[in-house]
Amino acid sequence: MSVRTRYAPSPTGEPHLGNIRTAFFDWLLARHYGGQFILRIEDTDQARYVESGVGAQMDALRWLGLQWDEGPDVGGPHEPYVQSERLPLYHSHADRLLEEDKAYRCYCSPERLDQVRKEQQARKEPPRYDRHCRDLSSEERRAQEAAGITPVVRFKTPPAGETQTQDVLRGEVTFRNETLDDFVLLKSDGFPTYHLASIVDDHLMDITHVLRGEEWFRNETLDDFVLLKSDGFPTYHLASIVDDHLMDITHVLRGEEWLSSLPRHVLLYGAFGWEPPVFAHLSTILGPDRAKLSKRHGAHAALEYREQGYLPDAVVNFLALLGWSLDDHTEIIDRATLVKHFDLDRVLPNPAVFNADKLLWMNGVYIRALPPEELADQALPFLERDLGRPLDRALLLRIVPLVQERIKLLSEITAMADFFFTGDNMAYDIETLLGKKYGGQPRLAADALGGVIAAIESVEPWTHDGLEAAVRPLADEIGAKAGDLFGLARVAITGKTTAPPLFETMEVLGRERTLARLRQAAERLEAAGQR
RNA sequence: GCCCCCGUCGUCUAGGGGACCAGGACGCCACCCUUUCAAGGUGGAGAUCGCGGGUUCGAAUCCCGCCGGGGGCACCA
């Protein structure tokens, strides 16, 4: 059977980066093995249902290029892919467990459950269902039914013994043969080594499963959990197991917070007589304070990264490196390479702190690698959004080479290049124009700018090389440092002290607009000099 | 309180008995380049591999204990 993974969000809000990383790993695994990636909506909690939730999940996946092969919108052989539309399925499966005495109906009120829990906590006992309804007589049950109480269905957890489970990230280690040597089987004192002895004994004693580093849970730490709620909806435990089985899911990747529920799920698979899939519980992503990533750590809803000007490829590359690595030195990895090399054997079980600085750096790398036309297409919407009107793409295309290696976010295009699109009536204050060098000497600055104007007025052709050749010697003539003179002109032309290279900027801006801005600056300096 | 997971530079990580007085990346510092800002180049600081025992000729790597961090203990997922 081919590898089938699933991303199964519940539509309770916006997906954040942690969810998306899980989805991405699911996607990667499926693509790596040429299998299927399934999107399944787990909307079994009516109280927390958010209308826009499903759309937000799909938007985020689409933005990052994680296309699913089966799902609510595209369909597939296991329809429907929304759990609220699969209710009869869960009921029939719960009925089956009921008939086989592997589950029972529970009539306890939320108030009683609450009460029991409080008492247990007061006695410093683990809060767990007390199995009150596990062995009700048929008369007692009839009485409850007669009173109109809708029961829940609970799983009959074995009260003792152990349940063994396996998680690939924690429970299994694979070795490459080239790392092994010719190891000893029999020692010189005649005793076997562990390698020999364990293999021989395991075989002779008919050991069928050797699990090292497996998680095991004592059943007495588990309680009789709910399968079907009184509103007729299944709990996650029931719904996810039934669906994963029916949809032939082979690998379940999910957040670490599910690890504690794993024995329940394994027990359930056992009760149904089904083969469980491979489980991998992905570690949590932490904020800078080492607490689970959340809203108060800033923007972590996946789609907010789109608004800020991150590139999907950069985000996906960064996410891949959160708990997985290709080797000991590769950081920039394109999608195809990711798909080619990704596997669970290099996924780490330990939690990772989200390093926003590194994501920003990586986004800069991807921006610089973009073909200029594409960067123009990507950046245009940001510029138009910030300036509030449609802009000339042809002009932007000429600007892109000047800003490409200066921005790390698409949104930074505005601060870097807005002056190309504004009128020539510049809004800077005179102090900024004068800067440190010409502070208090507006006349001197005015003369310097006058020199620049005279030098470039009739330059032919109007290219950055020609402009520089005309202006640079001027600095010497008037006894100024080139940098100081250029700085003055920079503010006059861009309104900023930080901007793209001066002569390239002049070239793109054109003779007329450049001279207009320089003349305006000179006039303002003259006026300041009069006072 | 009980159960489970995790523990290598500030952060992401490589490593899985000798090649490690621990390699790469982000960030930080310095220098170079330079008209500002970036980008780029070179170099540097930064980890007694959480701590303590043990096994071994040899431990970041194997074992035990401890400590620390995280997660779970719902008619939520």
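Order of the sequence lines fixes the chain letters, A, B, ..., with proteins taken first and strands second; residue numbering starts at 1 for each chain.
For A:Glu257 and B:rC76, the CD to P distance is 17 Å, given to the nearest whole Å. Put simply, CE on A:Met416 is 10 Å from P on B:rA39, counting in whole angstrom units.
Contact annotation: A:Lys408 reaches the phosphate of B:rA39 (side-chain N/O to OP1 or OP2, under 4.0 Å). Residue A:Lys358 places no side-chain N or O under 4.0 Å from the OP1 or OP2 atom of B:rU13. Look at A:Arg154 and you'll find a side-chain N or O under 4.0 angstrom from OP1 or OP2 of B:rC75.
The base of B:rC75 is not paired with the side chain of A:Thr235 by any donor and acceptor separated by under 3.5 Å. With hydrogens and angles left out, the side chain of A:Glu331 and the base of B:rG24 share a donor-acceptor pair within 3.5 Å. For A:Arg128 against B:rC73, a side-chain-to-base donor-acceptor contact under 3.5 Å is absent.
As judged by a 4.0 angstrom heavy-atom cut-off over every strand, A:Pro127 is placed among the base-contacting residues. Within 4.0 Å of A:Leu359, counting heavy atoms only, lies no atom of the nucleic acid at all. Using a 4.0 Å heavy-atom cutoff across all strands shown, A:Gly364 reaches no nucleic acid atom at all. Residue-level contact check: A:Leu321 touches the backbone only, with heavy atoms under 4.0 Å from sugar-phosphate atoms and none from bases. In this structure, A:Glu42 reaches the sugar-phosphate backbone alone: every heavy-atom distance under 4.0 Å involves primed, P, OP1 or OP2 atoms, never a base. Residue-level contact check: A:Thr44 touches the backbone only, with heavy atoms under 4.0 Å from sugar-phosphate atoms and none from bases. Heavy atoms of A:Ser230 sit under 4.0 angstrom from at least one base atom. Across all strands shown, A:Pro234 has heavy atoms under 4.0 Å from sugar-phosphate atoms exclusively, and none from any base. Across all strands, A:Arg123 comes closer than 4.0 Å to no nucleic acid atom at all (heavy-atom distances).
Under the 4.0 Å criterion applied to side-chain N and carboxylate O atoms, A:Glu119 and A:Arg117 are not assigned as salt-bridge partners.
For the pair A:Arg264 and A:Phe155, the NZ or CZ position fails the cation-pi test of under 6.0 Å to the six-membered ring centre and within 45 degrees of the ring normal.
With B:rG27, B:rG7, B:rA77 as the candidates, the nucleotide lying closest to the side chain of A:Asn350 is B:rG7. Comparing B:rC37, B:rC75, B:rG1 against the side chain of A:Leu113 picks out B:rC75 as the nearest. The listed nucleotides are B:rG1, B:rU35, B:rA77; the one nearest the side chain of A:Ser261 is B:rA77. Here the nucleotide nearest the side chain of A:Ala352, chosen from B:rA74, B:rC12, B:rG71, is B:rC12. Which of B:rC12, B:rA25, B:rU35 sits closest to the side chain of A:Trp361 comes down to B:rA25. Closest to the side chain of A:Pro349, from the set B:rA77, B:rC6, B:rG15, is B:rC6.
Side chains of A:Glu507 and A:His464: a donor-acceptor N/O pair is present below 3.5 angstrom, by distance only.
Qualifying side-chain hydrogen bond (donor to acceptor under 3.5 Å, both in side chains) partners for A:Arg517, counting only residues two or more places apart in sequence or in other chains: A:Asp424. Residues forming a side-chain hydrogen bond (donor to acceptor under 3.5 Å, both in side chains) with A:Asp465 (at least two apart in sequence, or on another chain): none.
Just one of A:Arg131, A:Lys156, A:Arg128, A:Arg154 meets the side-chain hydrogen bond (donor to acceptor under 3.5 Å, both in side chains) condition when paired with A:Asp224; it is A:Arg131.
Between A:Glu256 and A:Asp45, the residue whose closest nucleotide on RNA chain B is further toward the 5' end is A:Glu256.
Shown here, B:rC57 forms a base pair with B:rG18; the pair counts as Watson-Crick or G-U wobble because both key distances fall under 3.5 Å.
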